[in-house]
*Asks:* 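One structure follows; several queries about it will come next.
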Amino acid sequence: MSMLICGRFGPHCERYIQQALRRHHPQQVRCTVPRNHALFKSSSSSQQSIFLISERGLWRLHHAHKNRSSRYLLSARGHLLVLGNQRNVVTWTRITKALMRPRNIIITGLVGTGALISQKIEAVKRQFPDLDWMKEYLPESEAVRSLMNSIQSAASQLSLPEKGFISNHLPKLKDAAVIEGLKSWWEENAGKNSASVLSEGGQVLYAISQDTDQTGTTHKNTVPLIGFGRSGASAASSKKNPEKERLEQVQEEMIQIQIRYQKEIDRLVKENKDLRKSLMLKEVKSGRKRSMRSLIDMYSDVLDELERYDSSYNTQDNLPRVVVVGDQSSGKTSVLEMIVQARIFPRGSGEMMTRSPVKVTLSEGPYHVASFKDSSREFDLTKESDLAALRKEVELRMKASVGDGETVSQESIAMTVKGPGLQRMVLVDLPGIISTETSVMAPETKNNIRKMVKGHMENPNAIILCIQDGALDAERSNVTDLVSQMDPTGKRTIFVLTKVDLAESNLYNPDRIKSILEGRLFPMKALGYFAVVTGRGNQNDSIQEIKNYEEHFFRNSKLFKDGVLKPTQMGTQSMSMAVSELFWKMVRETVEQQADAFKATRFNLETEWKNTFPRQRELDREELFEKAKGDILDEIINLGQLTPKQWEEAFYNKLWDRSSSYFFESIYLPAAQTENSGVFNTTVDIKLKQWADNMLPKKCVEVGWDTLHDEFLKIVEKDKKNKGHDEIFDQLKVAVIEASKNKHQWDSKAEDSLRVIQVNTLEDRSVTDKQQWDSAVKFMEETVKARLQQTQEKMKELTGPGKWEQWTHWKTKTQDHRNRGAAKGELEKILSAEPDHKSNLNSDELTTVRRNLQTNGIEVTNDFIRETWYHVYRQFFLNKALGQCQECRKGFYYYQKGFSDSGLECNDVVLFWRLQRMLQITSNALRQQVINNEARRLERIIKEVLDEFGEDRETLTKLLTGPRVQLAEELKKVRQIQEKLEEFIQALNKEK
């Protein structure tokens, strides 16, 4: 038997080689070992021998033993390799000779070193997450060339091992003289035992040694047989566990490699961010815009439309979004801020800060900015002042969304955050789950929060980012039970353990934390488990400081060194990439199914419209409002079609209707009861002057304002009688008229202008012609008759029905009616006896009337008598004035003569002429103000009101309602959602 063994040998090699050989040839074996070479020969008569030789000796071996039948090479763990014939020996000899040449040794070493490094790198890569997400950040064209040049420049700086590296680390093989010295050394130490054959480690061959101690106990040890390593190791050091030491060394090397690898990734990501930012800035400066919006912005628009959509067909919103859930103060918001890379949410200590859902859309942009969906303001997230303002705005919006007597709100706050290198996704931060309602919380707050969280997680495609506080006991968790109910299989859940630094320092239990991250402790399942550190408890720390602290903690963490934490489970960056990858995976899987559902809904709505409203256009609420807006503006233009006569008649009638009571009761009646015409005229002049200076101008402006709006309302009401009138606009038109009336203010200078005109008119007593006189007489007669009719009706109400009415309508008088009738009779006697009686009764007259009534068995009070007297005297006076009108009808001639000899008093007619003249001139002035100013002002105000209504969707929803509007509105929304979904799907497929 022939064997070839190469390597550097420790003491007592023969014994272990013999043990390895006996497994194949149990006969007695003798070996001789020189210092660096060994030649082993068996004691049997066969020509078999074992060789360990140098390069030169190997060539000699070929010629000296070419007739041997077989030769063996000793391999790992004592197995023998058989060389079948001479050709194989010659082939191995030539290969060995070629490999032993210096240049071939260097080349072979370089190739082997490269292969080893490649295997090492591949092994390290398998420990890290998939980096396909980096493809999204790789720029194109010039940016790629710049990146490749930087990589080539870095590669050129790598240095190869120096010349002779391999030869310095391989055993030096000597000639026969060295072999002879090795033989003699082996014979001297053949009787000694050793714990190892080789003095240096490396990739080794193993053999089994058996040692017997003084007690006769046999020990079996597995020791390296052949390999590379350090020489001179002591027997004590060899007794240590080499596997443990090697594991620790490899673990330390892995940590260092991971750190270097992560730093290189961070450098490349940062460089990629800078390149992307430069390209975006270049596009902005050059004025070129992207041909289409980003995918995440398009997707966010779809979600916004779905939030506003309330379908009667129950088309559910099943599009994915990342729902962040967790117990209160578990670190939900902090995790979201680490993903956003900015501290954008209100801060608090131990109190509820998130009071309503916050939808955050992350997208890539050249600047790190944030904005709200309903606002154009952008907050620069690199400035602390803007961050503080953003946090304040979020807090104000949350408080505004919470109703009176409530603690949380269902209304979402939509926010967009853009920045270089942000992971594209849509996240929803929800209020933290609580166990107890405090005294400052509204009742049912606990149940409302749970209901809200369940509502967001019920979406079968929502990604649940479950946040668990690692510093607290697992038994105190509320969110894990809720998540396990919503997603029992864990196909869309990612578990995040926060505050791992506190868990390690305070409650360090590696087995417990390991069981959490392996999904064995909590009653829930998840796709992935991550451990993160989101701060040191200092609210003023920046995101970069927190990231540095997190990296430093995991680099020195005992959890990682003990194997509790895996590299792929550590850090917010790994977690963020995993969430983003799962988000887009679910989007691609579900978006087309959602589009098909809305396509079916659209078909159903269109069919319903055709069957219900076959002859009407599909006008949604906005289109109906535009049509109603045009109709209203056309109607206010029709105000200009009213003639001046129509305007003046409208103003005259309303002005007299408003001022007649004051004029009759406060001016005419007191003046008519005076003794003579001089006192009458003086009283009238004084009272008219006071009226014109104080009350009349303001009353006329009010009359003009009311008349203008009344005429506009008449035009609107007249339009309702048209054949093509649409009742759906009636409520809106009425609301517009009321709102415009509230906003319309008459010109302030109009009162002063009217005051001058009215004072001058009322001072004029000159009736110029007979026509004016007759008109005044007629005006007075109509006025007196109207007042007399009112007084008679009131008197009839007080005295009860007459005899004819009692017989025909079966009515009877009450005792009060009888008392009034009796009192009326007594008072009429007084007026009959004294036609010029004044308007008041004296005490004697009151006593006389009451006694006369008592004589008839009627008991009444003085107040009762005075009340009856007011109406009796008023009726008597009006009848008297009406008679005077008849007498003055032909008195214009005497008026011109001054009534000196006729005995006719017609001052009442002159008073009514002055009043009539004032009403006519005031009506003309109001008509001019309306045509020149107020109609245009009203038109402008109505346009403003319509614009306000058009911007207020809630008001439009109340004013434009009905089955037709609701169906058209729903059909419009479904079409918009379907179009946006199809646009997004096309962009998504194009990106693939």
*Asks:* How about NZ on Lys813, more than 12 heavy atoms from neighbouring residues, nucleotides or ligands closer than 6.0 Å, or not?
*Replies:*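 Yes, NZ of Lys813 has more than 12 neighbouring heavy atoms, counting only those of other groups under 6.0 Å.
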
*Asks:* If you measure only the distance, is there a donor-acceptor pair under 3.5 Å linking the side chains of Arg787 and Ser660?
*Replies:*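 Judged by distance alone, the side chains do pair up.
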
*Asks:* Classify the ring geometry of Tyr668 against Phe664: parallel below 30°, tilted from 30° to 60°, perpendicular beyond 60°.
*Replies:* tilted

*Asks:* Keeping Gln875 on the side-chain end and Leu788 on the backbone end, is there a donor-acceptor pair under 3.5 Å?
*Replies:*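 Absent.
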
*Asks:* Where do Ile728 and Thr961 come nearest, in terms of heavy atoms and distance?
*Replies:*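 The pair with the smallest heavy-atom distance is CG1-O, 3.9 Å.
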
*Asks:* Determine, for Asp706 against Lys741, whether the closest basic-nitrogen to carboxylate-oxygen distance falls under 4.0 angstrom.
*Replies:* no

*Asks:* Looking at Phe680, is its backbone amide N or carbonyl O close enough to the side chain of Ser677 to form a donor-acceptor pair, meaning the two atoms are under 3.5 Å apart?
*Replies:*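 No; judged by distance alone, with no hydrogens or angles, the pair does not exist.
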
*Asks:* Atom CD of residue position Glu954 - does it have more than 12 heavy atoms of other residues, nucleotides or ligands inside 6.0 Å?
*Replies:*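 Atom CD in Glu954 is not crowded, with 12 or fewer foreign heavy atoms closer than 6.0 Å.
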
*Asks:* Working note: Glu751 + Trp746, criterion side-chain hydrogen bond (donor to acceptor under 3.5 Å, both in side chains); need CA distance, chi angles, decisive distance, verdict.
*Replies:* CA-CA 9 Å; Glu751 288 189 19; Trp746 205 270; over 6 Å; no

*Asks:* If you compare all heavy atoms of Ala692 against all heavy atoms of Val759, which two are closest, and at what distance to 0.1 Å?
*Replies:* CB-CG2, 3.6 Å

*Asks:* Do any N or O atoms from the side chain of Gln886 and from the backbone of Gly883 form a donor-acceptor pair under 3.5 angstrom?
*Replies:* no

*Asks:* Answer with yes or no whether the side chains of Gln772 and Gln916 bring together a donor and an acceptor at under 3.5 Å.
*Replies:*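 No, no side-chain donor-acceptor pair sits under 3.5 Å.
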
*Asks:* Is the backbone N or O of Ala750 less than 3.5 Å from a side-chain atom of Asp747, with the two atoms forming a donor-acceptor pair by type?
*Replies:* no

*Asks:* Do any N or O atoms from the side chain of Glu635 and from the backbone of Val716 form a donor-acceptor pair under 3.5 angstrom?
*Replies:* no

*Asks:* Would you please say whether a donor-acceptor pair under 3.5 Å links the side chains of His837 and Gln673?
*Replies:*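 Absent: no donor and acceptor within the cut-off.
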
*Asks:* For the side chain of Asp620 and the backbone of Glu623, is there at least one donor-acceptor N/O pair under 3.5 Å apart?
*Replies:*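 Yes.
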
*Asks:* How close do Val777 and Cys888 get, heavy atom to heavy atom, and via which atoms?
*Replies:*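 Scanning both residues, the minimum pair turns out to be CG2-O, 3.9 Å.
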
*Asks:* Within the supplied structure, the quantity of interest is the number of heavy atoms (other residues, nucleotides, ligands) at a distance under 6.0 Å from Arg936 CZ; does it exceed 12?
*Replies:* no

*Asks:* Looking at Asp947 and Lys943, does any basic side-chain N land under 4.0 Å from a carboxylate oxygen?
*Replies:* no

*Asks:* Measure from the side-chain N and O atoms of Ser740 to the backbone N and O of Ile737, and report whether any donor-acceptor pair falls under 3.5 Å.
*Replies:*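 Present.
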
*Asks:* Check whether more than 12 heavy atoms from other residues, nucleotides or ligands sit under 6.0 Å from atom NZ of Lys698, and answer yes or no.
*Replies:*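 At most 12 heavy atoms, drawn from other residues, nucleotides or ligands, come within 6.0 Å of this atom.
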
*Asks:* Using a strict 4.0 Å threshold on nitrogen-to-oxygen distance, state whether Asp634 and Lys629 make a salt bridge.
*Replies:* no

*Asks:* Can a salt bridge be assigned to the pair Lys796 and Glu793 using a cut-off of 4.0 Å between side-chain N and carboxylate O?
*Replies:*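 So Lys796 does not pair with Glu793 through a salt bridge.
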
*Asks:* Taking all non-hydrogen atoms of both residues, which atom of Ser766 and which atom of Trp913 are closest, and how far apart?
*Replies:*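 Between these two residues, the closest heavy atoms are O-CH2, 2.9 Å.
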
*Asks:* Treating Ser666 as the side-chain partner and Phe663 as the backbone partner, does any N or O pair qualify as donor plus acceptor under 3.5 Å?
*Replies:* no

*Asks:* Look at atom CD of Glu727 and say whether more than 12 heavy atoms of other residues, nucleotides or ligands are closer to it than 6.0 Å.
*Replies:* no

*Asks:* Between Trp647 and Phe651, what is the ring plane arrangement, given parallel below 30°, perpendicular above 60°, and tilted in between?
*Replies:* parallel

*Asks:* If you measure only the distance, is there a donor-acceptor pair under 3.5 Å linking the side chains of Asn742 and Glu738?
*Replies:*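 Short answer, no.
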
*Asks:* Under 6.0 Å from the CD atom of Gln745, do we count more than 12 heavy atoms belonging to anything else shown?
*Replies:*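 Atom CD in Gln745 is not packed in, count stays at 12 or less.
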
*Asks:* Looking just at side-chain N and O atoms, do Arg917 and Thr761 make a donor-acceptor pair shorter than 3.5 Å?
*Replies:* no

*Asks:* Taking 4.0 angstrom as the limit, do Glu393 and Arg397 come out as a salt bridge?
*Replies:*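 Salt bridge: yes.
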
*Asks:* Just by distance, no angles: are the side chains of Arg866 and Tyr870 close enough, under 3.5 Å, to form a donor-acceptor pair?
*Replies:* no

*Asks:* Would you say Thr922 and Gln758 are linked by a side-chain donor-acceptor pair, where the criterion is simply a distance under 3.5 Å?
*Replies:* yes

*Asks:* Indicate the atoms forming the closest heavy-atom contact of Pro963 with Phe613, along with that distance.
*Replies:*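 Closest pair (atom of Pro963, atom of Phe613, distance): C-CZ, 4.3 Å.
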
*Asks:* Distance alone, cut at 3.5 Å: any donor-acceptor contact between the side chains of Thr407 and Thr445?
*Replies:* yes

*Asks:* Count the heavy atoms belonging to other residues, nucleotides or ligands that lie under 6.0 Å from NZ of Lys890, then report whether that count exceeds 12.
*Replies:* no

*Asks:* Output yes when a side-chain donor or acceptor of Ser923 lies under 3.5 Å from a complementary backbone atom of Tyr652, and no otherwise.
*Replies:* yes

*Asks:* Is a salt bridge present between Glu845 and Arg850, judged by a nitrogen-to-oxygen distance below 4.0 Å?
*Replies:* no

*Asks:* Between Glu648 and Lys645, does at least one N-O distance fall below 4.0 Å, as a salt bridge requires?
*Replies:* no

*Asks:* Grab the two heavy atoms, one from Phe729 and one from Ala628, that are nearest each other, plus how far apart they are.
*Replies:*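 Heavy atoms only, the tightest pair is CD2-CB, 3.4 Å.
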
*Asks:* Look at Asp752 together with Arg755 and state whether they make a salt bridge at an N to O cut-off of under 4.0 Å.
*Replies:*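 Counted as a salt bridge, because a side-chain N and a carboxylate O are separated by less than 4.0 Å.
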
*Asks:* Just by modelled atom types, is the Lys399 backbone N or O under 3.5 Å from a matching donor or acceptor in the Arg355 side chain?
*Replies:* no

*Asks:* Under 3.5 Å, is there a donor-acceptor pair between the Asn819 and Gln815 side chains?
*Replies:*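 A pair is found: one side chain offers a donor N or O, the other an acceptor, under 3.5 Å apart.
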
*Asks:* Assess, by modelled atom type and distance only, whether the side chains of Ser775 and Gln771 contain a donor and an acceptor separated by less than 3.5 Å.
*Replies:* no

*Asks:* Between Glu622 and Lys972, does any side-chain N to carboxylate O distance fall below 4.0 Å?
*Replies:*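 Here Glu622 pairs with Lys972 in a salt bridge, since their nearest N and O are under 4.0 Å apart.
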
*Asks:* With respect to Arg820, which candidate in Thr799, Thr868, Thr814 satisfies the side chain to side chain donor-acceptor pair (under 3.5 Å) definition?
*Replies:*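 When Thr799, Thr868, Thr814 are each tested with Arg820, the side chain to side chain donor-acceptor pair (under 3.5 Å) holds only for Thr868.
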
